[in-house]
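Shown next, in structure tokens, is the structure this report addresses.
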Amino acid sequence: MNLRREIANLLWPNCTCPICGAKLADDLLCRTCRQTLNGLQNCPHCAGFIPNESCESHSCPRIPETTAMLACFPYTAELRERLRLLKYYHKAQIAATFGNLLAARWRDFATADAQADAIVPVPLYHARFAERGYNQSELLAVTLGRELQIPVYAHAIKRTKNTKAQHSLTFKERADNLHNAFAAGADLPKVKGKRIILLDDIITTGATIRGCVEVLQAGGAAAVYALAVAGHLSK
């Protein structure tokens, strides 16, 4: 068994591609998904995936409050299904797998000038947390924190509104939906002077990220890097 296969077994014991679910031979991704990723760049301003040839002309909804916006994979229909299993069916192995891939994405980006001191997961509204029994972003954060050996401040931000699902809304409706939806949580004093990874499962318009960043900045965070499993796929 070669090294790549051993890594694949560790990250994904069923030996399937984390994006599309295809059986793996000796790699972390299937050939089709790797070829797709090879033709894309992940925009550090909006976390979107852009075709390499259009990178210079790309215009995006930048989130200037963040130091950078990062994602592992484009948000495809196949990945949507895998994240749905994590989000609604508590598939802990999926959280562990994606947590490891998030760590790899961060290490690819991080430099001496871009380091992190702690992780803050995007929170769920308390009623949704009670219904599900967990927050998928917190599950991802636990693995990421263990891999990077930094703490997770799971209660730095609290969600104060039971907002509608973002995927069904327009760009403006998403911003309105999340207006004043986040507030300081019990862990917020811990972020003062620290460089924070703000972690979510998906970044699309950035409305959720913007609301959370405002809370972290009010708490004195020195820098905020947004990181997610999936980012939107730009045409």
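Bear in mind the structure is a predicted one, so any value in this text is a computation, not a measurement.
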[atom1]/[X] to [atom2]/[Y] distance, rounded to the nearest 0.5 angstrom?
{"X": "Ile209", "Y": "Thr204", "atom1": "CD1", "atom2": "OG1", "value": "9.0 Å"}
{"X": "Asp201", "Y": "Ile94", "atom1": "CG", "atom2": "CD1", "value": "12.0 Å"}
{"X": "Phe182", "Y": "Glu214", "atom1": "CZ", "atom2": "CD", "value": "10.0 Å"}
{"X": "Leu144", "Y": "Leu140", "atom1": "CG", "atom2": "CG", "value": "8.5 Å"}
{"X": "Arg82", "Y": "Cys17", "atom1": "CZ", "atom2": "SG", "value": "7.5 Å"}
{"X": "Ile203", "Y": "Thr208", "atom1": "CD1", "atom2": "OG1", "value": "9.5 Å"}

Is there a side-chain contact between [X] and [Y], using heavy atoms and a 4.5 Å cut-off?
{"X": "Glu138", "Y": "Tyr134", "value": "no"}
{"X": "Ile197", "Y": "Leu148", "value": "yes"}
{"X": "Gln115", "Y": "Arg195", "value": "yes"}
{"X": "Leu83", "Y": "Tyr75", "value": "yes"}
{"X": "Pro74", "Y": "Leu79", "value": "no"}

Between [X] and [Y], what is the shortest heavy-atom contact and its length?
{"X": "Pro121", "Y": "Ile119", "value": "CD-O, 3.9 Å"}
{"X": "Ala156", "Y": "Leu188", "value": "O-CB, 3.4 Å"}
{"X": "Tyr153", "Y": "Ala118", "value": "CE1-CB, 3.5 Å"}
{"X": "Ala116", "Y": "Ile150", "value": "O-CG2, 3.7 Å"}
{"X": "Pro123", "Y": "Asn135", "value": "CA-ND2, 3.7 Å"}
{"X": "Ile50", "Y": "Cys43", "value": "CD1-CB, 3.2 Å"}

Do side-chain atoms of [X] reach the backbone of [Y] as a donor and acceptor pair under 3.5 angstrom?
{"X": "Arg159", "Y": "Leu124", "answer": "no"}
{"X": "Asn42", "Y": "Phe73", "answer": "no"}
{"X": "Tyr225", "Y": "Trp106", "answer": "no"}
{"X": "Asn52", "Y": "Asn38", "answer": "yes"}
{"X": "Thr66", "Y": "Val224", "answer": "no"}

CA sep, side-chain torsions, deciding dist, call: Asn100, Thr143, side chain to side chain contact (heavy atoms under 4.5 Å, CB included): CA-CA 7 Å; Asn100 279 287; Thr143 298; 3.9 Å; yes
Presence of salt bridge, Asp187 and Lys190, under 4.0 angstrom: yes
Presence of salt bridge, Arg84 and Glu81, under 4.0 angstrom: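 Arg84 and Glu81: salt-bridged.
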Joint hydrophobic cluster, Leu198 plus Val142, side-chain heavy atoms closer than 4.5 Å: no
Co-membership, hydrophobic cluster, residues Phe129 and Val152, 4.5 Å side-chain: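 Each belongs to a different hydrophobic cluster.
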Residues Val229, Leu102; criterion side chain to side chain contact (heavy atoms under 4.5 Å, CB included); working and verdict: CA-CA 7 Å; Val229 173; Leu102 284 161; 4.0 Å; yes
Side chain to side chain contact (heavy atoms under 4.5 Å, CB included) evaluation trace for Tyr88 with Gln136: CA-CA 8 Å; Tyr88 299 109; Gln136 72 277 1; over 6 Å; no
Set of residues satisfying side-chain hydrogen bond (donor to acceptor under 3.5 Å, both in side chains) with respect to Arg31, sequence neighbours excluded: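 Here no residue qualifies.
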Qualifying residues under side-chain hydrogen bond (donor to acceptor under 3.5 Å, both in side chains), relative to Asp200, sequence neighbours excluded: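 Per chain and number, Asp200 pairs via side-chain hydrogen bond (donor to acceptor under 3.5 Å, both in side chains) with Ser137.
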side-chain contact (heavy atoms from CB on, under 4.5 Å) partner of Cys212, chosen from Ile157, Ile196, Leu199: Ile157
Side chain to side chain contact (heavy atoms under 4.5 Å, CB included) evaluation trace for His126 with Lys158: CA-CA 8 Å; His126 62 84; Lys158 63 181 179 182; over 6 Å; no
